Amino acid sequence: MFIFVWLLQLSGRVNTEPTQDKQALLAFLSQTPHANRVQWNASDSACNWVGVECDGNRSFVYTLRLPGVGLVGSIPANTIGRLSNLRVLSLRSNGLSGEIPSDFSNLTLLRSLYLQGNQLSGEFPISVTRLTRLGRLDLSSNNFTGTIPFSINNLTHLTGLFLENNGFSGKLPTITDNLVSFNASNNNFNGSIPKSLTKFPASSFSGNLDLCGGPLPPCNPFFPAPAPSPSSVLTPPPVHKKSKKLSTAAIVAIVVGSALFAFLLLLCLLCLRKRQRRKSAKPPKPVSAARAVPAGGGVYSFDLEDLLRASAEVLGKGSVGTSYKAILEEGTTVVVKRLKDVAVTKKEFEIQLQVLGKIKHENVVPLRAFYYSRDEKLLVSDYMPAGSLSALLHGSRGSGRTPLDWDNRIRIALSAARGIGHLHVSGKVVHGNIKSSNILLRPDNDASVSDYGLNPLFGNTTPPNRVAGYRAPEVLETRKVTFKSDVYSFGVLLLELLTGKAPNQASLGEEGIDLPRWVQSVVREEWTAEVFDVELMRYHNIEEEMVQLLQIAMACVSVVPDQRPGMEEVVRMIEDMNRGETDDGLRQSSDDPSKGSDGHTPPPESRTSPRALTP
Ligand SMILES: *[C@@H]1O[C@H](CO)[C@@H](O)[C@H](O)[C@H]1NC(C)=O
Ligand SMILES: *[C@@H]1O[C@H](CO)[C@@H](O)[C@H](O)[C@H]1NC(C)=O
Ligand SMILES: *[C@@H]1O[C@H](CO)[C@@H](O)[C@H](O)[C@H]1NC(C)=O
Ligand SMILES: *[C@@H]1O[C@H](CO)[C@@H](O)[C@H](O)[C@H]1NC(C)=O
Ligand SMILES: *[C@@H]1O[C@H](CO)[C@@H](O)[C@H](O)[C@H]1NC(C)=O
Ligand SMILES: *[C@@H]1O[C@H](CO)[C@@H](O)[C@H](O)[C@H]1NC(C)=O
Ligand SMILES: *[C@@H]1O[C@H](CO)[C@@H](O)[C@H](O)[C@H]1NC(C)=O
């Protein structure tokens with residue numbers, strides 16, 4: 001119903017024709033022999049053709065799916081490569097042969113490429129490694145040969161890679177950690193399976209010439225994976241390999257160690273100099289040392305006075321205290337947070353912060369140091385100059401600012417979910433204060449979560465309004481934050497990303513109605529399109545993704561905690577969402593020959609039932 005409402009709205013607009021794309025499609029079909037089933041009527045709009053879908057206002061071809069229609073011969077150059085807005089291309093299960101034309105590199109928006117079940121040959125197509133948005137690539141069951149280029153790592157969004165049943169050879173390269181599905185079986189690969197791929201089962205690697213390690217039997221120590229070079233013949237290869245590994249570790253340790261040491265040295269020098277200066281000027285004060293959370297073994301100390309004197313700028317007054325941006329004398333910028341209402345002893349404080357200090361994840365802002373005295377409790381963490389999601393979403397709206405685009409919203413949602421998921425699973429820490437001002441942006445536009453795990457410091461004094469707007473309903477009674485209440489807060493955060501509305505502000509029309517209930521009421525009234533942020537209306541073909549994210553958000557904000565998914569599951573659902581685009585099910589009519597799955601349907605969990613929307 002939901003999607004229907006959208007399509008109705010969109011189809012009512014214009015009835016234009018993607019003229020250039022139409023020419024490219026006609027050129028493709030006229031140059032490629034095929035069975036008679038594909039009959040494109042040149043006087044009709046290309047958007048009505050079998051296997052073709054256009055964007056909402058019919059200005060370009062969005063997907064082309066011609067599976068199993070008897071296409072033979074090579075893919076002609078200067079045909080499909082001209083469909084520059086194509087998102088999904090499926091030519092699977094045909095008789096296509098020859099190489100993939102180099103102009104495929106112009107399909108820069110392509111997210112899914114299904115070419116399995118043909119007789120395509122040649123080396124791994126380099127043009128494909130330019131398609132940086134690609135999420136799924138299926139080259140299986142063809143006649144490809146040669147090695148897999150390392151530049152496959154340019155495909156940073158790749159989640160599914162299918163290479164099985166070809167003649168690929170050589171070593172498997174290390175491939176990005178994002179892969180969820182991978183199959184390389186029945187090729188001529190040899191050597192050891194790289195670490196990043198060892199998470200896949202043996203059946204992903206079976207039927208190869210000489211693969212070893214990972215899920216397969218270990219590599220023969222006397223003929224190790226990398227072909228022995230002349231020099232390593234002298235040294236026994238396993239030792240050679242080990243010492244090489246060790247030296248990498250050693251180098252890392254040395255680099256980290258010396259960086260840490262230099263930092264400690266600077267801090268010590270700084271605090272010594274200050275202390276001396278003060279000694280000459282004023283009567284000596286008791287030296288209060290801020291103890292660092294030992295991350296790599298060293299405990300460094302710096303003077304509280306230095307820290308407070310360095311403070312130049314108030315960043316914000318939060319619910320747990322005030323944050324300052326402090327530039328230390330050697331130029332390092334840190335954030336110092338002065339906690340108020342801390343209700344635990346020094347010992348308890350230290351124990352909790354040692355736990356938090358050990359958490360290391362790219363989507364979690366690292367805690368660098370803490371300080372506890374009777375009147376002052378401080379936390380020191382990294383400064384994130386790009387600011388918070390809250391500022392990005394709600395700052396100076398409408399006044400010519402650049403709106404946060406959809407891809408970046410998804411990216412923020414996913415990276416924040418990963419950070420929280422890491423807190424939950426690896427750190428066993430409840431975040432307890434998820435809100436958009438605690439989601440900080442990194443220079444690469446990923447998000448990191450901050451202000452986590454502090455609730456235990458406030459005992460039962462936690463004011464009930466601490467996380468108003470994001471707070472799960474049960475927390476009001478129990479006054480206890482849990483993993484599931486984090487999931488609720490994260491759901492509110494997703495709603496905030498989708499609606500552009502701040503949950504903790506009375507901007508929802510009615511007094512006292514929270515964001516989840518507002519969204520539910522709007523959806524119930526079938527004003528679905530009204531839910532979404534007006535700033536998102538300028539982007540096309542994101543309706544499906546917005547609806548999917550809305551469904552995930554609604555699952556997270558279930559009133560009953562047990563009905564909310566776990567954080568890891570939320571991460572997976574958001575990851576699968578991008579892949580959801582490869583799902584043929586949604587917008588196909590039943591007489592479409594391209595109907596059906598492209599062979600790799602996402603797991604059933606990734607499809608949240610639309611019923612989840614009706615409360
Ligand atoms: C092609 O489309 C035109 C316009 O829609 C229509 O009049 C004509 O009958 C169609 N031809 C065939 C062979 O279907
Ligand atoms: C489709 O919509 C977009 C934005 O609304 C606009 O820029 C574009 O010109 C439209 N295309 C056509 C052919 O109307
Ligand atoms: C890609 O498109 C550009 C401009 O549309 C064109 O100049 C270029 O030749 C195309 N590249 C290939 C490999 O066809
Ligand atoms: C892959 O990315 C690197 C750096 O971003 C670039 O130098 C290289 O040309 C890319 N390779 C291909 C095949 O696109
Ligand atoms: C593809 O490989 C198969 C089996 O190796 C072979 O029989 C066939 O001739 C090859 N096709 C082409 C077009 O090279
Ligand atoms: C792996 O295969 C490549 C190419 O087929 C070959 O050059 C290399 O010697 C092989 N390595 C081993 C250890 O068999
Ligand atoms: C990989 O492909 C082979 C051959 O098609 C198949 O037997 C195997 O089950 C696949 N493995 C996975 C994990 O999908």
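Position 1 is the first residue of the sequence, and the numbers go up from there. All values reported here derive from a predicted model rather than from experimental measurement. All ligand and atom numbering here is 1-based and tracks the order in the structure. All heavy atoms count here, side chains included; hydrogens, waters and symmetry mates do not.
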*Asks:* With heavy-atom distances below 4.0 Å as the criterion, list the atoms of ligand 1 near Ser43.
*Replies:* 1 (C), 2 (O), 3 (C)
*Asks:* Has the side chain of Tyr452 got a donor or acceptor atom that lies under 3.5 Å from a matching backbone atom of Val365?
*Replies:* yes
*Asks:* For atom 13 (C) of ligand 7, which protein heavy atom lies nearest, and how many Å away is it?
*Replies:* Ser203 OG, 3.2 Å
*Asks:* Taking 4.0 angstrom as the limit and counting only heavy atoms of Asn186, give me the atoms of ligand 7 inside it, by number and element.
*Replies:* 4 (C)
*Asks:* For atom 2 (O) of ligand 1, which of Asn41, Asn48, Asp44 has the closest heavy atom?
*Replies:* Asn41
*Asks:* Is any side-chain N of the basic residue among Arg87 and Glu545 closer than 4.0 Å to the acidic one's carboxylate O?
*Replies:* no
*Asks:* Looking at Pro67, is its backbone amide N or carbonyl O close enough to the side chain of Arg92 to form a donor-acceptor pair, meaning the two atoms are under 3.5 Å apart?
*Replies:* no
*Asks:* Looking only at heavy atoms, which two atoms of Leu423 and His431 are closest? And how far apart?
*Replies:* CD1-CD2, 3.8 Å
*Asks:* Can you list the ligand 7 atoms lying under 4.0 Å from a non-hydrogen atom of Ser204?
*Replies:* 13 (C)
*Asks:* Which protein heavy atom lies closest to atom 5 (O) of ligand 7, and at what distance to 0.1 Å?
*Replies:* Asn165 ND2, 3.6 Å
*Asks:* Given side-chain contact (heavy atoms from CB on, under 4.5 Å), test Phe60 with Leu86 step by step and report yes or no.
*Replies:* CA-CA 8 Å; Phe60 57 79; Leu86 205 61; over 6 Å; no
*Asks:* Below 4.0 Å, non-hydrogen atoms only: which portion of Ser185 touches ligand 7? Side chain, backbone, both or neither.
*Replies:* side chain
*Asks:* Please give me the minimum heavy-atom distance between Ala27 and Arg82, naming the atom from each residue.
*Replies:* CB-NH1, 4.5 Å
*Asks:* Could you tell me the residue and atom name of the protein heavy atom closest to atom 12 (C) of ligand 7, and the distance to it rounded to 0.1 Å?
*Replies:* Asn183 ND2, 3.4 Å
